[in-house]
Amino acid sequence: MKKIENYIHGKNISHSKKFLPVFDPSSGEQIGEVVLSNEEDFNSLIKSSVKGYETWREFTPLKRSRIISKFKELIEKNIEDLAKLVSSEHGKTFEDAKGSVIRGLEVVEFATGIPHLLKGEFSQNVGNNIDSWSVRQPLGITAGITPFNFPAMVPMWMFPISIACGNSFILKPSEKDPSCPMKLAELFSEAGLPDGVLNVANGDKEIVDHILNSNKVSSISFVGSTPVAKYIYKTASSNEKRVQALGGAKNHLVVMPDANIDQAVDGIIGAAYGSAGERCMAISVAVAVGDIADKLVSNISDRAQILKVAPWTDNEAEMGPLISLDHKKKVENYIDQGVSEGAKLILDGRNCNIQGYENGYFVGPTLFDNVNANMTIYKEEIFGPVLSVVRANNYEEALNLVNNHQFGNGASIYTSDGEVSRHFTTNCKIGMVGINVPIPVPMAFHSFGGWKQSLFGDHSMHGTEGIHFFTKLKTVTSRWPKSIQSGPEFVIPTN
Ligand code: NAD
């Protein structure tokens, strides 16, 4: 049985004797165990991260960039193995896992440009013979706490940028699928990263609380559910840390009557059921505007019922299992609740049995019609393959639904009307918006983040926002006087 410890100062090591099982979600079998780190683990971790930072801050940005480039090559070389680690512990299809590693790799590529990205601003003669410039300097020890659904991509939203900026980084990955993050840390060491610059601490709330309460840690990056994001934000900011805490989502896709219905259905099927709906940018609500609704529901239903639900080892799988037995039960409870609150169940994913994988955590594609804004399945994040169709009479009603929802991660509109799409992008209260694009995930050189209950803090992930989050701004005003001695000045200089 695989034993997953911590990765501290270039070694697999742990003090705690407490371990938690890790499962293969397709079979429901235990395939490993992961350590639940304690205070002793935390003390080793901090000692190593302090050393790592002291060494790393002396590396020039160009030297850092070369090591990051080597890390990029190693990810490319090991991509199949990394994707297998993701699929075997998360359950998502192999191609989807590979895609998620590539999205993380793109942030590594972005981070190789760090000498350029750290360039500050310079003004000559802000006053007579006075120059002024700004620099961005590292924070020190930074930390990231990440969710189960993207064990490669989400950590890579954070640590390549933090490290490129000259910080050391402590990663606390999800305890449900920790193997891929461990492998990424090993590859970074192989690329030449000094020990202690990237440490991985496994575990649960206990180790997270040590990180949040340590005065040695300067910043916290978090991605996960909204209640935990709020806890992280409040605790870490009251401990005077910089925080970016990304939470849950309920992403709407509005289909206008003039939309290309085939494109909309393609978009909805992939975005609602891909990765079994366990994506923070998954579409969980389709808003059918006007008379397009009947056709839209019937076309989605036709396509969704023939989706191939299978384990990741099946090359034809389009959708895998959920992450855990508890989560499967939770999603099935939501379906029960949708039925009892009066939504029309068109496709029922409960009792999804896959031959040979009867103990796997599978829920089939589920479709509800006639969902309204008062129903629990509309208000809450389900995080499974459950799509709710809400019927709206017109565009204004659709926009109100999007804007009145507690979450504001992503939203899309399908239409052939430029004016409507422009109105939507201008007026929706959402962080990431798609026009005829179902999952508008920003590329690494832009920034990822939602509004409302989907993000707490001021900075999104990666792109320029990431560089700003992981650095402190310093502005220098400089004069080199030779012989002029004018005496003290008691008035603010104005030129
Ligand atoms: P989660 O909130 O349960 O866990 C996230 C991380 O926090 C894990 O590392 C976990 O060990 C830790 N954690 C859990 N409970 C904690 C507690 N009480 N105190 C301290 N730490 C705790 O989330 P999850 O189930 O792993 O992931 C799914 C959630 O993540 C969904 O809500 C999804 O929308 C969200 N998500 C959001 C984004 C985004 O960009 N907004 C991206 C991916 C996932």
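Side chains are part of it too, since the values below use all heavy atoms of this structure and drop only hydrogens, waters and symmetry mates. Atoms within each ligand, like the ligands themselves, are counted from 1 in listed order. All values reported here derive from a predicted model rather than from experimental measurement.
No hydrogens or angles considered: a donor-acceptor pair under 3.5 Å links the side chains of Thr376 and Glu341. With no hydrogens or angles considered, no side-chain donor-acceptor pair links Asn6 and Asn199 at under 3.5 Å. A donor-acceptor contact closer than 3.5 angstrom links the side chains of Thr142 and Ser162. Using modelled atom types and a 3.5 Å distance limit, the side chains of Ser26 and Tyr361 yield no donor-acceptor pair. Of the N and O atoms on the side chains of Gln453 and Thr226, not one donor lies less than 3.5 Å from an acceptor on the other residue.
Geometric assessment of Lys250 against the ring of Phe383 yields a negative cation-pi assignment under the 6.0 Å and 45° thresholds.
Set against the non-hydrogen atoms of Asn409, the atoms of ligand 1 under 4.0 Å away are 41 (N). Of all the atoms in ligand 1, the ones that sit under 4.0 Å from a non-hydrogen atom of Val208 are 20 (C), 21 (N). Close contacts between ligand 1 and Asn149 involve ligand atoms 43 (C), 44 (C) [criterion: under 4.0 Å to a heavy atom]. Applying the 4.0 Å criterion to heavy atoms of Lys172 picks out, from ligand 1, the atoms 8 (C), 9 (O), 10 (C), 11 (O). Taking a cut-off of under 4.0 Å to the non-hydrogen atoms of Ser174, the atoms of ligand 1 that pass are 9 (O). Ligand 1 places these atoms under 4.0 Å from at least one heavy atom of Ile145: 6 (C), 7 (O), 9 (O). Those atoms of ligand 1 with a heavy atom of Pro173 less than 4.0 angstrom away are 9 (O).
Separation of the Tyr378 and His252 ring centroids falls under the 6.0 Å cut-off. The aromatic ring centres of Phe445 and Phe110 sit 6.0 Å or more apart.
Atoms CG and NZ, on Leu212 and Lys234 in that order, are 13.5 Å from each other to the nearest 0.5 Å.
Within the 4.0 Å heavy-atom shell around ligand 1 one does not find Gly450. Put simply, part of Phe383 is less than 4.0 Å from ligand 1, judged by heavy atoms. Not a single heavy atom of Pro227 sits under 4.0 Å from any atom of ligand 1. The closest approach between any non-hydrogen atom of Trp157 and ligand 1 is below 4.0 Å.
Salt-bridge check for Glu332 with Lys329: failed, with every basic side-chain N at 4.0 Å or more from each acidic carboxylate O. Using a 4.0 Å cut-off between a side-chain N of Lys or Arg and a carboxylate O of Asp or Glu, Arg242 and Asp458 do not qualify as a salt bridge. With salt bridges taken as basic N to acidic carboxylate O contacts below 4.0 Å, none links Glu5 and Lys11. Lys176 and Glu89 are not joined by a salt bridge, as no carboxylate oxygen comes within less than 4.0 angstrom of a charged side-chain nitrogen.
Of all protein heavy atoms, the one lying nearest to atom 37 (C) of ligand 1 is Gly247 O, 3.1 Å. Protein heavy atom nearest atom 35 (C) of ligand 1, with residue, atom name and distance: Gly224 O, 3.1 Å. Closest protein heavy atom to atom 19 (N) of ligand 1: Lys205 CG, 3.4 Å. Summary of contacts: the protein heavy atom closest to atom 7 (O) of ligand 1 is Phe222 CE1, 3.4 Å. Nearest to atom 26 (O) of ligand 1 among the protein's heavy atoms is Phe148 N, 3.0 Å. The closest protein non-hydrogen atom to atom 27 (O) of ligand 1 is Pro147 CB, 3.3 Å. From the protein, the heavy atom lying nearest to atom 40 (O) of ligand 1 is Phe448 CE2, 3.0 Å.
Residue contacts with ligand 1, taken as heavy atom pairs separated by less than 4.0 Å, involve Glu175 solely via side-chain atoms from C-beta onward.
Scanning Cys280, Ser225, Ser284 for the heavy atom closest to atom 23 (O) of ligand 1 points to Ser225. Nearest to atom 6 (C) of ligand 1 by heavy atom, out of Thr146, Leu36, Val228, is Thr146.
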| request: Go through Leu193 and Phe71 one step at a time and tell me if the side chain to side chain contact (heavy atoms under 4.5 Å, CB included) criterion holds. | output: CA-CA 9 Å; Leu193 192 71; Phe71 177 47; over 6 Å; no
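Residue-to-ligand polar distances place Glu381 within reach of ligand 1: an N/O pair is separated by less than 3.5 Å.
Counting protein heavy atoms under 4.0 angstrom from atom 4 (O) of ligand 1 gives zero.
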